[in-house]
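Encoded as structure tokens, the structure appears first; notes follow it.
By convention in this document, chain letters (A, B, ...) are assigned in the order of the sequence lines, proteins followed by strands, and residues within each chain are numbered from 1. These numbers come from the heavy atoms of this one structure, side chains and all, not from hydrogens, waters or symmetry mates.
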Amino acid sequence: MAAVVVLAIAVYILYTIGTAIGNDRTGLGPHTGWLVVEKFLFNGLIFRGILLTLELTALAMLVGVVLGAILAVMRLSPNPVMSWVSWLYIWFFRGTPVLVQIFFWFNINLVLKSIDIGIPFTSLWLHGNTNKLIPPFMAALLGLGLNEAAYMAEIVRAGIISVEHGQTEAAQALGMDRGLVMRRIVLPQAMRVIIPPTGNETISMLKTTSLAFGAGVTELFTRQQQIATATYDVLELLIVASIWYLVMTSILTVGQYYIERHFGRGATRQLPPTPLQRFRRMLFTFHAGPPAPPELVPAGPAVPGSEHR
Amino acid sequence: MTSMPMVKAEAVHKNFGRLEVLRGIDLEVNPRDVMCMIGPSGSGKSTFLRCINHLEKIDAGRLSVDGELVGYRQRGDRIYELPDAEVCKKRAEIGMVFQHFNLFPHMTVLENLAEAPVRVKRESRAVAADRARRLLERVGLAEKVDAYPRQLSGGQQQRVAIARALAMQPKLMLFDEPTSALDPELVGEVLDVMRALAEDGMTMIVVTHEIGFAREVGDTLVFMDGGVIVEAGKPRDVLANPQQERTRSFLSKVL
């Protein structure tokens, strides 16, 4: 009963908004708004925005995962300086808004005119102009990636400490050094704990890249905003962007399932079925026909669950 | 022939904070000998075993394997702890079998056996895999090469763990209560493998509650309590005719 009420409310809301968009304010007849959505859904500028969104997501996650793993290992290091530096990094980057961080990198050239990287007391120095080294895309990447690293560090750390200490001892007893133990024994097992939240982080990152709008990066959100400013089809273009964000996050969700399955090997006696295998099995059981109702089971005392024997 | 002892402990002390776990252990294990250690839980026997391959640091005394200090280097009168890489080299010569097997669950049985020889000793994959197969045959699990540890029974897992330790061709094998986590009917198969290993001349230190095994296979039996060796000798003598009251009362409970 509750389900029917919920469904009715959902349908009503969707119908109201849907027809409102359809009617639009132009007075050009029904469905105008949806035609606008259709028109811009496969627009070239939108596509270029999608490409940049994907690029930014992938690179920011790469920075986040690599730096996060390093930070996690530092945090667990017996050396107090290492763990303290890591703690400070996480405290700072997790404690300030991403948008602030993106703006910070975008505006860093106001105070820092050039960047010099090299080895002290030698002539091995790289010199670069800040404006050239940190264009808007780089500012967004730094903001998103460095922030993500703080979150990933905690995720990786949780993964590492979830692996039983006996695993480390067994590997050490075989003569493996700390690096080998981490790379070959602990991290592969930590993956089972690390992957699901990392999948969530990636999906979240895909949407958070829209904050690159603040740095003027022409990713999906900025593109739809640009078109909407020109055509006044504000809501229609938000729908176009939403559709594409949904398509991308859906694909990531499926990908995450298969990666989890890969790292789960050895964890259970049998791998869980893929959606395709599950679908086939479902078809097969349909052909086998429904099981006999319990009351038709002949003789014997009526024990609950006895039909499963 | 007077040979150097494989393991030599002199006044080994170990504390966990203010708790003294080992209060001066002196013992020698000769090559090809099997030493069994018994004693109540908390007596320090497992801790001593873990000190032998430096999984635990010792706080005082000297512990050497095959004539070399483990985890430390002596320079003049002072003793320094070795860097990780050096400790690893020494550990690679000492096999260890744990109560809870500690097989690597994300690797197949073959990969469990080949991992350390390939990564630590830089053996070729083919050589390591070849030896792994022969070892699995020796512990009666030739058909399980491609299985994952969780698909095996406890007894099978422990036999794989023994084979994994042997894959490094150790000089010495340490067993830390190898049958304590097993169902009673699976204990026999593990003890059989250990017995065969002893007959082949492997030097072994076995922390165990299996008095029967200690009597049959052990060359010496050590009874520990409260961080010290209370009594040691030929297993038959210690078991049949214990000299110390503490040994007598422990044996009366377990026999």
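- Environment of CZ in B:R32: sparse, with no more than 12 heavy atoms of neighbouring residues, nucleotides or ligands closer than 6.0 Å.
- With rounding to the nearest 0.5 angstrom, the CG atom of B:D84 is 4.0 Å from the CZ atom of A:R178.
- Evaluation of the side chain to side chain donor-acceptor pair (under 3.5 Å) rule for A:E201 yields no partner, not counting sequence neighbours.
- With rounding to the nearest 0.5 angstrom, the CG atom of A:D177 is 11.5 Å from the CZ atom of B:R119.
- Applying the salt bridge (Lys or Arg N to Asp or Glu O under 4.0 Å) test to B:E86 and every residue at least two apart in sequence or in another chain returns B:R73.
- Along residues 95-103 of chain B, the residues that come nearer than 4.5 angstrom to chain A, judged on non-hydrogen atoms, are B:M96, B:F98, B:N102, B:L103 in order of number.
- Among A:Q189, A:E164, A:M176, the residue with the largest count of heavy-atom pairs under 4.5 Å with chain B is A:Q189.
- By the neighbour-count criterion of 12 heavy atoms within 6.0 Å, atom CE of A:M138 is sparsely surrounded, having that number or fewer from other residues, nucleotides or ligands.
- Atom CD of A:Q172 and atom SG of B:C88 lie 7.0 Å apart (nearest 0.5 Å).
- Residue contact with chain A, scored on non-hydrogen atoms closer than 4.5 Å, involves the backbone of B:I94 exclusively.
- A 6.0 Å sphere centred on OH of B:Y80 holds more than 12 heavy atoms belonging to other residues, nucleotides or ligands.
- How far CG of A:L174 is from CZ of B:R164: 5.0 Å, rounded to the nearest 0.5 Å.
- With hydrogens and angles disregarded, no donor-acceptor distance shorter than 3.5 Å links the side chain of B:H106 to the backbone of A:V186.
- Neither the backbone nor the side chain of B:E93 comes within contact range of chain A, judged by heavy atoms closer than 4.5 Å.
- Qualifying side-chain contact (heavy atoms from CB on, under 4.5 Å) partners for B:V87, counting only residues two or more places apart in sequence or in other chains: B:H54, B:L82, B:R91.
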